[in-house]
Protein chains: 2
Amino acid sequence: MLTERQRMILNAIVDDYIRSAEPVGSRSISKRGDVGYSPATIRNEMADLEELGFLEQPHTSAGRIPSHKGYRYYVDHLDPAYSAPPGEIRLLRKFFAEKLSAMEQVIQHAAMILSHMTNYTSILLGPEVFHTSLRHFQLLPLNEETAVAIIVTSTGQVENKTVQLPPDVPVSEIEKVVNLLNSKLMNVPIYKLKTRLYTELGQEMERHISNYEEIMKVLDNIFLDGEADHQRLFLSGTTNMLTQPEFKDVDKVKTILDLLEETPTLTKMMAPQDGGGIQVRIGTENDHEAFANCSLITATYSLEGEALGTIGILGPTRMEYARVMSILNILSKDLTAMLSHWYK
Amino acid sequence: MLTERQRMILNAIVDDYIRSAEPVGSRSISKRGDVGYSPATIRNEMADLEELGFLEQPHTSAGRIPSHKGYRYYVDHLDPAYSAPPGEIRLLRKFFAEKLSAMEQVIQHAAMILSHMTNYTSILLGPEVFHTSLRHFQLLPLNEETAVAIIVTSTGQVENKTVQLPPDVPVSEIEKVVNLLNSKLMNVPIYKLKTRLYTELGQEMERHISNYEEIMKVLDNIFLDGEADHQRLFLSGTTNMLTQPEFKDVDKVKTILDLLEETPTLTKMMAPQDGGGIQVRIGTENDHEAFANCSLITATYSLEGEALGTIGILGPTRMEYARVMSILNILSKDLTAMLSHWYK
DNA sequence: CTTAGCACTCATCTCTTTAGAGTGCTAACG
DNA sequence: CGTTAGCACTCTAAAGAGATGAGTGCTAAG
């Protein structure tokens, strides 16, 4: 039905169009390495393919785009043996094997509810913390002043951080500390590391280690960081942004949505400022430019009196503050109640 | 700092703007029932409020919108006792109490993976079926010809459907059928109801019930419906639609996204046509106009040889068919494998 | 202090013009 | 006879030029 050359050209056009989303001109096909014909020749073939119904012209002086029939032909003649690259498959399987902890499910679920009820975007910061514990700790001196701290968690995640060492700490001392930590803090949940450091190790450290206080500071610093980095972010209702008339410009929405994908930035923004309770950040009070026209309302939930995570609603500055604040208030309390019931 | 009247006007402007997203003019404030002043008076106050920094003008001849300071004032002076309407709170708590079954988590998780890996929107149809079973069945005659069938599931969901009764069925007969169903089909998973109807009840029905065949038809009809309605839909990556240049027009995206919210329509579209395997529906081959520029690629996963659900990717007609088809193929097989392992 | 009236401003919509990409056709070439 | 160069032609997208109208600020009267 189609000549070999026509098939090749059709394939080239579909491929190009899939990549570029722009009508494909004869010149650009001609310039591809795998097609050895001039634009004029391609044009002739394209005219034929159009007549046969495989291509379309959006308008007279545009390039061609595949018609439905063209796509259909392309799909039906795809190499059936084609398989995604092995790296991709490995990734797919790896993600698929992951599981959410019961805790995370609750958070994710809450995110969904929030976005549905408010018609805004909800952002929930949940403590990954809950299902990861310490498997291994290492502190490798790089030189006299700096060392790399390595934390391996029960889920196999490896975190590392470069830290400044206090002056004049002999290697033997460091080894002692590391051994102590590994023996005493093994299997302790990440989020409890910092407190356990003091409650369980304080005395022993004081007895055996010379620079006790300064080393304590270093460790404190390391675990503090681990705590923040391990939080997990759940989003829901991002498309609700689109329904707001102030964001009818796609580019504006895009900058916001892109920022929502940037987990670290978002995590920082969600961090509660001084004290808990409901917090409202209006427009530029969010310290990111893309949120200049947004307001972020957050509330914290907690376990045993300690703030664990944050739930938040992102909307236009023109937001139904009263309603959203009330809903956040209720849900954060319910979450807190549920958690304390759960982990008791 | 602000006079009572200024506060009132500021509040009115913020409220109006929250609702309308349009700059608020003096006239519209004046016309509100709760403000008894003419536009000119309002204008004077508005000029003052602008000077104080609570309001802004997008341009000289537009109405006013609240500034950040204006929102801040509004928020800080919100009635602290305000609480969302009780109906809303009840709804919130109800949703929050819901739980996803293990099965559903897997599906939802798969949806996320798919959208992340493909950068398109993923739609997964999972069998709610798995964790709901029949708790109670009722058939209430309305008159001689019609009756309401009520199905209560183990999760407390209540489904009802109006059905046509065959002529001349005495009430006593109906009662017998209902009793038989309740005694024999109690705790049977919804998805097995239809087959069990025949395997377990066929003979007994035939013996005791006069209009056996016609009543069977009615029941069949009822359970068929329940089966379809109980499938659960998971979406992920809806915002990926935005990154496609063909959908840079917000209105176009909106029609698509709106359709994605319509669960029943979507469920129907995802239904596999004749036979399983990977299916590609290009443009208008999807029987909904809003998807004229979209392609939907679907694959089914199954349990014990029976198709249970569908996983799909929605993207522009200009889609990376080969890659997506390969990924769907792998994931659908992995899902099938996982399920058979799970439910054995 | 409040309100009516009127001139003024500026965004938005529509219409027109312009620039550029890509075609179709014709004629020449190997 | 298939392939290629050249050129006129077409049509969109971008830029510019009025017309429209909502809403203001100011002034003067109530």
Side-chain angles (χ1 to χ4, degrees), chain A residues 2-10 12-13 16-17 20-32 34-67 70 245-246 248-252 293, chain B residues 2-10 12-14 16-17 19-32 34-67 70 245-252:
Chain A
L2 291 188
T3 68
E4 191 48 42
R5 194 167 73 183
Q6 282 175 325
R7 289 187 47 171
M8 190 177 84
I9 290 176
L10 178 57
I13 292 174
D16 261 33
Y17 187 66
S20 69
E22 302 276 314
V24 183
S26 54
R27 232 177 89 85
S28 64
I29 293 293
S30 169
K31 276 199 290 195
R32 285 171 57 123
D34 54 341
V35 185
Y37 299 97
S38 77
T41 308
I42 311 279
R43 276 207 289 283
N44 289 331
E45 292 288 22
M46 278 159 90
D48 290 349
L49 281 169
E50 183 173 356
E51 208 165 329
L52 288 168
F54 292 98
L55 295 179
E56 280 172 0
Q57 263 184 314
H59 53 267
T60 330
S61 68
R64 302 300 208 292
I65 61 174
S67 67
E246 40 265 86
K248 78 163 178 238
D249 176 14
V250 177
D251 291 333
K252 271 187 206 154
N293 296 311
Chain B
L2 290 188
T3 68
E4 190 49 43
R5 194 167 73 181
Q6 282 176 325
R7 290 186 44 171
M8 189 178 87
I9 290 176
L10 178 57
I13 291 174
V14 176
D16 260 34
Y17 187 64
R19 240 186 300 275
S20 69
E22 302 276 315
V24 182
S26 53
R27 229 176 93 86
S28 63
I29 292 294
S30 168
K31 276 198 288 195
R32 285 171 57 123
D34 54 342
V35 184
Y37 298 97
S38 77
T41 309
I42 310 278
R43 276 207 289 283
N44 288 331
E45 292 287 22
M46 278 161 94
D48 290 349
L49 282 169
E50 184 173 357
E51 210 165 330
L52 289 168
F54 291 98
L55 294 179
E56 279 172 1
Q57 262 184 315
H59 53 267
T60 330
S61 68
R64 302 299 206 293
I65 61 173
S67 67
E246 40 263 88
F247 302 127
K248 79 166 179 233
D249 177 14
V250 178
D251 291 333
K252 271 187 205 154

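Residue numbers begin at 1 in each chain, while the letters A, B, ... track the order of the sequences.
Remark: C1' of D:dG2 and OH of A:Tyr37 are 10 Å apart, rounded to the nearest angstrom. Summarising the geometry, the separation between CD on A:Glu4 and C1' on D:dG2 is reported as 18 Å, rounded to the nearest angstrom. Between the C1' atom of C:dG20 and the NE2 atom of A:His59 lies a distance of 11 Å, rounded to the nearest Å. A straight line from CD of B:Glu22 to P of D:dG21 spans 17 Å, rounded to a whole angstrom.
The side chain to side chain contact (heavy atoms under 4.5 Å, CB included) search around B:Leu52 returns B:Leu2, B:Gln6, B:Phe54, not counting sequence neighbours. In this structure A:Asn293 satisfies the side-chain hydrogen bond (donor to acceptor under 3.5 Å, both in side chains) test with no other residue, sequence neighbours excluded. Applying the side-chain hydrogen bond (donor to acceptor under 3.5 Å, both in side chains) test to A:Thr60 and every residue at least two apart in sequence or in another chain returns nothing. In this structure, B:Ser20 has no side-chain hydrogen bond (donor to acceptor under 3.5 Å, both in side chains) partners at least two apart in sequence or on a different chain. Here B:Arg5 pairs with B:Glu45 under the salt bridge (Lys or Arg N to Asp or Glu O under 4.0 Å) rule; sequence neighbours left out.
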Heavy-atom protein contacts under 4.0 Å, nucleotides 15-20 of chain D, coded B base, S sugar-phosphate only, - none: ------

Sequence-aligned protein contact record of nucleotides 23-30 of chain D, with B where the base is within under 4.0 Å of a protein heavy atom and S where only the sugar-phosphate is: SBBB----

Could you give the side-chain donor-acceptor pairs of residues 21-31 of chain B under 3.5 Å, partners two or more places apart or in another chain?
unit_1, atom_1, unit_2, atom_2, d
B:Ser26, OG, B:Arg43, NH1, 3.3
B:Ser28, OG, B:Gly25, O, 3.0
B:Ser30, OG, B:Tyr37, O, 2.7

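With distances taken from any side-chain atom of B:Arg5 to the nucleotides C:dC10, C:dT2, D:dC11, the minimum falls on C:dT2.
Residue pairs meeting the side-chain hydrogen bond (donor to acceptor under 3.5 Å, both in side chains) criterion with at least one member in residues 49-59 of chain A, sequence neighbours excluded: A:Glu50-A:Arg64.
Atom OG1 of B:Thr41 sits about 12.0 Å away from atom CE of B:Met46, to the nearest 0.5 Å.
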